[in-house]
Structures are given as structure tokens and as C-alpha cells.
Asks: 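Before we start, here is the structure in question, set down as C-alpha cells.
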There are 2 protein chains.
Amino acid sequence: MDPAVSDATVGRLPAYLRAAIDLGTQGVTSVSSDRLAEEAGAHPATLRRDLASLDITGTRGVGYDIKYLVSQISLVLGLNQQWPVVIVGAGNLGKALANYGGFAERGFPVAAMIDVSPELVGSTISGIPVVPTDELPRLVEEEDILVGIITTPADVAQEAADMLVEHGIRSILNFTTELLDVPPTVTCRSVDIATELQILSFYRQRGRAAQTGTGVPLGSEHG
Amino acid sequence: MDPAVSDATVGRLPAYLRAAIDLGTQGVTSVSSDRLAEEAGAHPATLRRDLASLDITGTRGVGYDIKYLVSQISLVLGLNQQWPVVIVGAGNLGKALANYGGFAERGFPVAAMIDVSPELVGSTISGIPVVPTDELPRLVEEEDILVGIITTPADVAQEAADMLVEHGIRSILNFTTELLDVPPTVTCRSVDIATELQILSFYRQRGRAAQTGTGVPLGSEHG
DNA sequence: CAGTGTGAATTTCTTCACAGCG
DNA sequence: CGCTGTGAAGAAATTCACACTG
């Protein structure tokens, strides 16, 4: 459709979606931009513009139909299908994510965890098998996995990323501190908890209170 | 100093800091904006402007002194002291964070975990005591805790936040899907993993490859 | 008449390009 | 001479404000 949807818009879509789902669950069938923006923590005009940029329309004088909203935003985000993921690194964080369970329910079932440790390989963590590195090609092939989550120690994160890329993974969510180098065909996002704490620290000190949200692009390409 | 440092700038500071520390560890003592920007994944001009806005200066013809950079950025971020944190919710994610260990080393030691479950209370997780809710006032008082990390189930996250706020916590890092309502005196950031995966999904589908970074403010106040 | 959709104004952020300093 | 610091240009994002429609 529209050739360009802005990064800022994309960053807000999950919040709109969640707000819409919430309202739907409460039995609401139609919502104004004022209300939905309030729920999602955005400005009403911004919300209207965002939706319009995706050709998601409302009804003048009425608002947006909740079911239509949910289905359209889901469609745009590609959530009308399951995207199995593989977690690389069965350490604490990897295990926590595997245990977390909330993934499958939101469309990202964990197909397997990859680890190098011989003690872990062969075991299962809340039903998810831990497999050795060389199983990756098979997984990608047979289970159509396009998303990898890296929870290894930072010093092997790049290595893990290279391996994922080599075997055809298209998206990487990186929980290490390491900034990853990936080819431009691969989408990569980093979530570093210490970074978040440092940012919080700044605002606390300065007394500025910014109710803020999750990751949004921080800049464009590397080069 | 300068009255206003932009949110975008603040979001990049942790990356600059990490890049500077990395280079320092490698024995580099001075760095140009080109080099540092490269390492941090930013544009050189943006980096220079960011640093200038914090009164962090370099030497013309030479570059920035690494030690000075590290100390000044740390100062701005408030990292010249330890900020003990409390983790609310000793479930999988809470445990993972507690086990993670990387916090203390980056200035955020975990003083305690809070949980309601009688089986957990009284135990320790990698040396960190799990205490009941009513210990919070004492912790805040005696250990000067200003930061809380919420890793509870989403449906009690707001409750947890209210409790933290009531007892004087000033910053909250929220790992649940729930958008928290907090008074303007409290700084709050949310990291929702499903959100990150959804965003990745969008970019993968659209074939756009955005090498992106961690959380940056998504909007200003709620009202 | 309530509330969308959008031109236009505004603000914010980024990048260019270069004067000027060490 | 190389690189910072910054005015000025440019791009992007946000917000206003209102015509218009169901």
C-alpha cells in the first residue's frame, strides 16, 4: 500500500493494537481517537495520522470499529500468522524467556533453544527442546523459523548472529550489550537492560518525568 | 547545566558510553567523532552535537579524550554512584534478571526481590533475598533504593507500581505488557518483548532493514 | 453534532558544510 | 592539517485547527 510508514508510527502500532484488544475484551465495539490515544499513551492527532497512513479508516462522527482496528493492525504487523522463534543461549535469560509462555499466545511460539553446553543439549525447558548448534539448518528448513533471539553472553553474540544469518534467519532480537553487525537483509533490534536503567537514571536525576515506552529506532543504518 | 537535553540525545548516551568504554579497554586514549560514532552506530555530526549539548568538549584537530568522555557521560547519566534496585516478582523473568549478574557490575546491584508467594519468601536466588511485600518500606529506607523493576504477571503490575510509588520509589522499569499509570514525579519505562517482536515482524515483512537500538521515548506525557 | 481526515503551522531532530582552533 | 563546534539548511514528526461527512 503506502510506500512509506514512518518508524515512529511503527513503534506505536503495538500499543494501539494492545489498547484496541483491551477495549474489545471489555466489550467496547467502537472507539474515538481521543479514547484510544488515551489508552495507548499517544496524542489523538498522531493516532489518526498513523492509522490514516496505513489506510485504516474510521467513521466520521463515530470513531473506529474495534474489530476492524485489531484485524488491520494485526495484518500490518504480520500477526495473522505464527512466527516460530529460536532462542540462542539457554542461560538464565534464555530459560526465563522460554518459561515465560507469553510468546506463543502472541504469535511467536518458541520452537527450540540452541546451546553449546553438553549438559543442556538434549534436555527440555518447559517443553522446549535444547538442541546443539548444528541443528539450526534443519530447524530453519523444517520449521520455517525466521526469527532468532540472542541471549548468549555478550562476547559470543556476534558469533551467534553470524550463525543465524548464515542459515537464513531474517530477524534478530538481541538481548546482549553487544551491537551486532548484520547484513541489510536482516532486521535487528537490541534490548539492553542496563541501557534502560541508565536512561531512567538520567531522568530521575534531572527530575524530568517522561512516561515512556519501548524500543523505537535509534538511528538508521550503520554506515 | 544546559536546561534541556533532548530525549533523542539521552537515548544515545548509553551507546556512546559503552563505545567509549570499549575503546578505552582496547588501550585507545583519544577518539574522533567519526570513529566513536561508527562504534556507537550514530552519525558523527549527531554525536558532536549531542556531546556539545552536555558541555562535553573535545580538542580540535585531535578528538575526544576517552577517560574524560567516560567520566563525563557517566556523570550525566548519574552513574558515578551505585543505584540499588529491587525486583518485584520472583517468577522466571525476575529470577533471570537476578541471576544475570550484569547489573551490579554496571552500577545497579539487586538489593532484594519481592514476592507474594510463601514458598519463595525467605529463600535466596543467587544470593539475593526474596522478601515479602511489607519489607519494602524498610528496604527503601535503609538501602536507599530508588529503582524498582517489575516482572510480575501483567494483571498485578499496576498494583505493584502503586506499591512502589507509595513507598518512595522514583524510577520503574516495567517488563510487563501493561502500560503503567504513575505520578509525574516517577520515571517509568516499559520493555515489552512481544512489542519488540511485532516491530521486527513489520520490518521483516516490508523488507526494510533497520539496524535499530533500544528503547527511546515513545511520546511525552499521558495527558 | 461528534469525530475523522488532513492542509498548514510548528516543533524537533538530523545532516551539511565550513569557519576556526589546537 | 585534522577535527571540533555550530550556524544554517533540510527532513521528519508532532500538533493545531477546521472543513467535512456519516
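Chain A is the first sequence line, chain B the second, and so forth, proteins listed ahead of strands; every chain is numbered from 1.
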Asks: Per the side chain to side chain donor-acceptor pair (under 3.5 Å) rule, what does the pair list look like for residues 65-87 of chain B, sequence neighbours excluded?
Replies: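 Listed by first then second residue: A:Ser201-B:Trp83.
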
Asks: So, for B:Leu97 and B:Phe175, which heavy atoms are closest and what is the spacing to 0.1 Å?
Replies: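 Between these two residues, the closest heavy atoms are CD1-CE1, 3.9 Å.
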
Asks: Could you tell me the separation between the CG atom of A:Leu36 and the P atom of C:dG3, rounded to a whole number of Å?
Replies: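 Rounded to the whole Å, the gap is 13 Å.
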
Asks: Among C:dT4, C:dA17, D:dC16, which nucleotide has an atom closest to any side-chain atom of B:Arg48?
Replies: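 Within the option list, the nearest is C:dA17.
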
Asks: For C:dG3, take OP1 and OP2 only and decide whether either is under 4.0 Å from a side-chain N or O of A:Ser33.
Replies: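 Negative; the distance criterion is not met.
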
Asks: Could you walk me through whether A:Glu178 and A:Asn174 pass side chain to side chain donor-acceptor pair (under 3.5 Å), step by step?
Replies: CA-CA 8 Å; A:Glu178 194 68 21; A:Asn174 170 32; over 6 Å; no

Asks: Starting at the 5' end of DNA chain D and moving along, which residue's nearest nucleotide shows up first, B:Ser32 or A:Gly61?
Replies: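 This one resolves to B:Ser32.
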
Asks: Can you find a side chain N or O atom of A:Thr59 that sits less than 4.0 Å from OP1 or OP2 on D:dG22?
Replies: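 Negative; the distance criterion is not met.
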
Asks: State whether B:Tyr64 places a side-chain N or O below 4.0 Å from either non-bridging phosphate oxygen (OP1 or OP2) of D:dG5.
Replies: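 Indeed, a polar side-chain atom of B:Tyr64 lies that close.
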
Asks: To the nearest angstrom, how far is A:Asp34 atom CG from C:dT4 atom P?
Replies: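 So the two atoms are 7 Å apart, to the nearest Å.
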
Asks: Any side-chain N or O of B:His43 less than 4.0 Å from the OP1 or OP2 oxygen of C:dC13?
Replies: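 Negative; the distance criterion is not met.
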
Asks: How long is the line joining CG of A:Leu69 and P of C:dT4, in whole Å?
Replies: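 Distance, rounded to whole Å: 10 Å.
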
Asks: B:Arg18: which residues meet the salt bridge (charged side-chain N to carboxylate O under 4.0 Å, His left out) condition with it, sequence neighbours left out?
Replies: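 B:Arg18 satisfies salt bridge (charged side-chain N to carboxylate O under 4.0 Å, His left out) with no residue once adjacent residues are dropped.
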
Asks: Rounded to whole angstrom units, what separation is found between the CG atom of A:Asp55 and the C1' atom of C:dT4?
Replies: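 One finds 15 Å between C1' of C:dT4 and CG of A:Asp55, rounded.
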
Asks: How long is the line joining CG of A:Leu51 and P of C:dG5, in whole Å?
Replies: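 Answer to the nearest Å: 8 Å.
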
Asks: Confirm from the modelled atom types if A:Arg60 and D:dT21 form a donor-acceptor pair under 3.5 Å, side chain to base only.
Replies: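 Absent.
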
Asks: Checking all strands, does A:Thr57 fall into the base, sugar-phosphate, or nothing category for heavy-atom contacts under 4.0 angstrom?
Replies: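 The residue A:Thr57 makes sugar-phosphate contact but no base contact.
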
Asks: Report the distance from atom CG of B:Asp65 to atom C1' of D:dT4, rounded to the nearest whole Å.
Replies: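 Rounding to the nearest Å, CG of B:Asp65 and C1' of D:dT4 are 14 Å apart.
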
Asks: Measure the distance from CZ on A:Arg35 to C1' on C:dA2 and round it to the nearest whole Å.
Replies: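 Checked: the CZ to C1' distance equals 16 Å.
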
Asks: Starting from P on C:dT4, measure out to CZ on A:Arg49 and report it in whole angstrom.
Replies: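 About 14 Å, once rounded to whole Å.
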
Asks: Does the pair B:Asp7/B:Arg12 count as a salt bridge with the N-to-O cut at 4.0 Å?
Replies: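 Result for this pair is no, no salt bridge flagged.
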
